[in-house]
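Below are the structure tokens for one structure; questions will follow.
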Amino acid sequence: MASKPRVRVPKTAKKGEIITIKSLISHTMETGRRKDRKTGELVPRKIINKFVCTFNGKQVFASDWHPAVSANPYMAFNYKAEESGEFEFIWTDDDGSTYSTKAKMTVN
Amino acid sequence: MTEKTDKTMISRRMVLEVAGGGVIAALLAGSFAGPARADAALLAEAIKRAVGDSAMNEGRITLDLPEIAENGNTVPISVAIDSPMTDADHVKAVHVFAEKNPAADVASIYFTPSSGAAKASFRMRLGGTQNVVAVAEMSDGSLYTTKKLVKVTIGGCGG
């Protein structure tokens, strides 16, 4: 189960400033190798395999994830602020569903 | 008579201890041999799948990982590549691999010139003590690599 995508983006930034963006989402990231304690059967793989960040609709950062990414995946990265606008963050699950959130930033 | 009983009890206890030790040793040997662990060949294959088999250069990458990770389920990793991050000269991607996890792939991170800095931090799983390898792809097609050994106290790949 995945939920509660959370991001931390500065509300304002100076033009040319390199900001840090932090993202976090709740997800078990089942590797497909863990055995159920009761039944002894393998728990099927279910992970978030893709994370994308866009700014004003243009992709600025992306990441492909494999089962070796920890549960409740966290990702921190940088962005060079040039203009005001909106970030969108999209996580894609193995089952095709997506989780997303947005954040606005003003550049002055 | 009592003396004799004592002796037999001690010897039985000793026998049990030795037998128990043997079982533990066998379990340890089993866990070290491990089933279907990615070896050097699988790591090389994963790297080839990600970036092809061009020549690799050393350096430019700073791989920040703990020397000893108590819990292999969440090992903090930070990877940074030295680059001006301009349209003409930037880091396109960095791929992270774990040498001895059941699968070598960990994550691929794609930067753009608007990233400003080629740096990313996340948390990864490590099934045991092993090298973590990073391979960076530059905008001119050149490849850089570095690796770091992490000692893991408790592995983190299910089970």
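Sequence lines set the chain letters: A, B, ... in the order given, protein chains first and strands last, and positions in each chain run from 1. The structure displayed is predicted, hence computed values, not measured ones.
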Quick check: closest heavy atoms across A:R33 and A:L42, and the distance to 0.1 Å?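 Minimum heavy-atom separation between A:R33 and A:L42: O-CD2, 3.4 Å.
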Return yes if a side-chain donor-acceptor contact under 3.5 Å exists between B:T74 and B:R125, otherwise no.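 Absent: no donor and acceptor within the cut-off.
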Are there residues of residues 59-68 of chain A whose heavy atoms fall under 4.5 Å of chain B's heavy atoms? If so, which?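 Heavy-atom contacts from residues 59-68 of chain A to chain B are A:Q59, A:V60, A:F61, A:A62, A:S63, A:D64, A:W65, A:H66, A:P67, A:A68.
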So, for B:D89 and B:S139, which heavy atoms are closest and what is the spacing to 0.1 Å?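 It is CA-OG, 3.5 Å.
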Contact summary for B:M138 and B:V91, nearest pair of heavy atoms: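 In terms of heavy atoms, the two residues are closest at SD-CG2, 3.8 Å.
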Quick check on the structure: residues of residues 109-122 of chain B within a heavy-atom distance below 4.5 Å of chain A, by number.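 Contacts with chain A: B:I109, B:Y110, B:F111, B:T112, B:S114, B:S115, B:G116, B:A117, B:K119, B:A120, B:S121, B:F122.
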Name the region of A:I21, side chain, backbone, both or neither, that has any atom closer than 4.5 Å to a heavy atom of chain B.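 Neither part.
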Please give me the minimum heavy-atom distance between B:G72 and B:V152, naming the atom from each residue.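 Closest approach of B:G72 to B:V152: CA-CG1, 3.8 Å.
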Let me confirm one number: the NZ-CD distance from A:K104 to A:E86, rounded to the nearest 0.5 Å.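 These two atoms lie 4.5 Å from each other.
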B:S83 and B:H90: side chain donor to acceptor below 3.5 Å: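 Not at all, the side chains of B:S83 and B:H90 share no donor-acceptor pair under 3.5 Å.
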Do A:I47 and A:T31 come within less than 4.5 Å of each other through their side chains, counting heavy atoms only?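 SC-SC contact between A:I47 and A:T31 ruled out.
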Can you name the closest pair of heavy atoms from A:D36 and A:V43 and give their distance?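 Result for this residue pair: N-CG2, 3.9 Å.
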Could you check if a side-chain atom of A:D93 sits within less than 4.5 angstrom of a side-chain atom of A:T98, using non-hydrogen atoms only?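 No; the side chains remain at least 4.5 Å from each other.
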Is chain B contacted by the side chain of A:A81, its backbone, both, or neither, given a heavy-atom distance below 4.5 Å?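 Contact with chain B: none, neither part.
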Look at A:Y79, A:F77, A:F51, A:F55 and state which one has the largest set of heavy-atom pairs under 4.5 Å with chain B.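 Ranked by contacts with chain B, first place is A:Y79.
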Where do A:E83 and A:N56 come nearest, in terms of heavy atoms and distance?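 Scanning both residues completely, I find the closest heavy atoms to be OE2-ND2, 3.6 Å.
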